[in-house]
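For the single chain, residues carry numbers from 1 onward in sequence order.
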Amino acid sequence: MKQLADLIQCLDRPLVTGQINRPIQSITMDSRQCGKDSLFVAVRGTNVDGHTFIPTLSGKGVAAIVCEDLPADRDPRITFIQVENTSRALGRIASEWYDNPSARLKLIGVTGTNGKTTTATLIYEMARLMGHKAGLLSTVVNYVDTTPVTATQTTPDPLTLNRLLHEMVQAGCTYAAMEVSSHAAHQHRIAGLTFAGAIFTNLTRDHLDYHITFAHYLAAKKSFFDALPDQAFALTNADESHGQVMIQNTRARRFTYSLQTIADFTGRILENRLDGMLMTLNGTEIETRFTGRFNAYNLTAVYGACRLLGWDNLDILRAMSSLIPVAGRFQTFHSPSRGYTAIVDYAHTPDAVVNVLQAIRDVQNGRGTIITVVGAGGNRDKGKRPQMAAEAARLSDRLILTSDNPRFEEPADIIRDMEAGLTDPAARARTLSISDRREAIRTAAALAGPGDVILIAGKGHEDYQDIRGVKHHFDDREVISQIIAAEQ
């Protein structure tokens, strides 16, 4: 329990109507969860506006309501706090409610189109390898020290986010790494958090169904860096065209990483294989279990972050050599009887598909056939569908277009949108369209021979298919493992 007066002291110029010296038992943005002495925050969501539920709260014992617009008919028993932005206010209040847990951790945020999950997860793993207790907030899974917590969003809502950070502090964690999505930045889910550092990976087309324009998408990412405190570090990709834009207005200490140019932290690939990569980090050789340029960027960013956290250089390099790929990120499966390799990867944007396929081509160097199985999500940015198909066809020898998470669209309609990107008749001739994803993977395996590589892209770690609002169990890794087992 906390006092309302203490909870709202973090807000900018709130207009208060009613008594503030009163106890608060709970905070919620869901009117259905309101009860005696609750504080309700009326958030304007993408589909639902919390303000519409304010009239239903009379008689529930609600102590206070935070809103942007005061209702004409107000219950005199309820204290109303009017603010400019309730989403931002929720983040700050949630942080106060949980005793500002991010300020008691060294919290590192990672943003960008691709590489967020791998980079954040590896920083978490590095903290543990360096002997520290740490937490993780990611697309795949959250961790409170070593305890896994199911992840439902890339970046949780402010109440869930601060609760998890609080649990990390209670568990003795001193470090935490988290993905910061563009949605989270735009919706102020990270408002009120204190970051020790931030990393920018890259920026390519994604989420334009939400942000509408690329400029708005970029601005959402940039707002994360703009809000960093001056004692934090901002680590950006010097090889990325938007890298300097991200940090141009930040108050944080600025650093760069690169594979191509002079930077504070540099990585160079010496040898690339499907099962690993030999590279240098600031001139020192290191053998890793990762493959491809995109992973070399991730590892260089992780190295830079670890150095900026003040850890010993040699200890960092030793620990990095033992890191393993994140589930569903360039995860390899080998068929002993047929001699092909299957790779499951979360690549679900045109740029990510290019990165993974280019990594495979670099290793294959013209040997063997590359067969790609890829789909696109329903009810999301339709503009990237033909681009993904075009890039996959350009870098593959055979292409199979299939279903991903169709949601409330017909898989056949999504596939047709992808087929529109196959303007080259030769590319169309090398392409099959199979709506059933399991059958598509099975077909790819049947086509593969010794030395060939199958890329199964789009879902990675996901263990479901979202079809008309229902999540059906489906795991690419499980499917290809069963196919390989049956080949024995």
Side-chain angles (χ1 to χ4, degrees), residues 1-104 137 142 144 149-153 155-171 183-184 186-194:
M1 184 182 73
K2 290 185 181 291
Q3 290 294 309
L4 177 61
D6 295 331
L7 289 173
I8 65 173
Q9 66 180 351
C10 59
L11 303 180
D12 295 329
R13 298 183 299 278
L15 179 61
V16 180
T17 303
Q19 178 59 250
I20 62 172
N21 293 316
R22 58 193 307 176
I24 298 298
Q25 297 283 0
S26 65
I27 302 172
T28 183
M29 55 182 178
D30 185 342
S31 61
R32 295 167 297 182
Q33 296 178 2
C34 284
K36 180 175 172 53
D37 293 330
S38 290
L39 170 61
F40 174 68
V41 184
V43 174
R44 299 189 192 277
T46 305
N47 300 312
V48 179
D49 184 353
H51 289 77
T52 62
F53 299 102
I54 291 177
T56 70
L57 300 180
S58 292
K60 285 191 173 184
V62 173
I65 295 173
V66 178
C67 56
E68 294 174 14
D69 299 321
L70 289 172
D73 185 18
R74 297 191 290 276
D75 187 332
R77 296 168 295 182
I78 299 175
T79 300
F80 284 85
I81 301 106
Q82 187 179 20
V83 297
E84 181 180 346
N85 187 297
T86 51
S87 295
R88 186 184 296 115
L90 176 61
R92 292 177 177 175
I93 291 172
S95 184
E96 289 288 336
W97 179 257
Y98 286 105
D99 300 320
N100 297 298
S102 62
R104 292 187 283 166
L137 295 161
N142 302 318
V144 176
V149 179
T150 301
T152 56
Q153 292 175 292
T155 311
D157 67 82
L159 287 168
T160 302
L161 178 53
N162 279 277
R163 175 178 58 79
L164 288 168
L165 292 171
H166 175 73
E167 290 176 5
M168 292 174 194
V169 172
Q170 294 297 103
H183 290 70
H186 183 256
Q187 295 169 6
H188 305 289
R189 290 185 220 159
I190 55 174
L193 298 187
T194 301

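- Considering only heavy atoms from C-beta on, Asp75 stays 4.5 Å or farther from Leu57 through its side chain.
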Test Leu39 against Leu4 for side-chain contact (heavy atoms from CB on, under 4.5 Å), laying out the working first.
CA-CA 8 Å; Leu39 170 61; Leu4 177 61; 4.3 Å; yes
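- Pro14 is not listed as a side-chain neighbour of Gln82, based on a closest heavy-atom distance of 4.5 Å or more.
- Closest approach of Ser38 and Ser26 over heavy atoms only: OG-OG, 3.0 Å.
- Here the OG1-CG distance, from Thr28 to Asp30, works out to 5.0 Å after rounding to the nearest 0.5 Å.
- A heavy-atom distance below 4.5 Å is found between the side chains of Arg92 and Asp12.
- Rounded to the nearest 0.5 Å, atoms CD1 (Ile81) and CZ (Phe40) are 12.0 Å apart.
- Minimum heavy-atom separation, Met1 to Pro23: SD-CB, 3.5 Å.
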The test is side-chain contact (heavy atoms from CB on, under 4.5 Å); show your working for Asp157 and Val43 and say whether it passes.
CA-CA 11 Å; Asp157 67 82; Val43 174; over 6 Å; no
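- Once rounded to the nearest 0.5 Å, the distance linking CG of Asn142 with OG1 of Thr160 reads 9.5 Å.
- Taking all atoms of both residues into account, the shortest heavy-atom contact from Arg104 to Asp99 is NH2-O, 3.4 Å.
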Gln9/Ile20 under side-chain contact (heavy atoms from CB on, under 4.5 Å): CA gap, chis, key distance, verdict:
CA-CA 10 Å; Gln9 66 180 351; Ile20 62 172; over 6 Å; no
Stepwise side-chain contact (heavy atoms from CB on, under 4.5 Å) check, Val66 with Leu90:
CA-CA 8 Å; Val66 178; Leu90 176 61; over 6 Å; no
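- Between Cys10 atom SG and Ile8 atom CD1 the span is 8.5 Å, to the nearest 0.5 Å.
- Taking each heavy atom of Gly50 and Ala42 in turn, the nearest pair found is C-CB, 3.8 Å.
- A salt bridge links Glu167 with Arg163; the closest basic N to acidic carboxylate O contact falls under 4.0 Å.
- The number of heavy-atom neighbours closer than 6.0 Å to CD of Glu84, taken from other residues, nucleotides and ligands shown, is 12 or below.
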For Glu68 and Thr86, what are the C-alpha separation, side-chain angles and deciding distance, and is it a side chain to side chain donor-acceptor pair (under 3.5 Å)?
CA-CA 6 Å; Glu68 294 174 14; Thr86 51; 3.1 Å; yes
Arg22 vs Thr79, test: side chain to side chain donor-acceptor pair (under 3.5 Å). Steps then yes/no.
CA-CA 9 Å; Arg22 58 193 307 176; Thr79 300; 3.0 Å; yes
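- A donor-acceptor contact shorter than 3.5 Å links the side chain of Asn85 to the backbone of Arg88.
- For Asp69 and Arg44, the salt-bridge test passes: some basic side-chain N is under 4.0 Å from an acidic carboxylate O.
- Of all the heavy atoms in Ile54 and Cys67, the pair that sits closest is CD1-CB, 4.0 Å.
- Crowding of Lys60 atom NZ: a count of heavy atoms from other residues, nucleotides or ligands under 6.0 Å exceeding 12.
- Leu159 CG to Trp97 CH2: the interatomic distance, rounded to the nearest 0.5 Å, is 10.0 Å.
- Of all the heavy atoms in Phe53 and Val48, the pair that sits closest is CE1-CG1, 3.3 Å.
- Here the straight-line distance linking atom CG of Asn162 with atom CD1 of Ile93 works out to 11.5 Å at 0.5 Å rounding.
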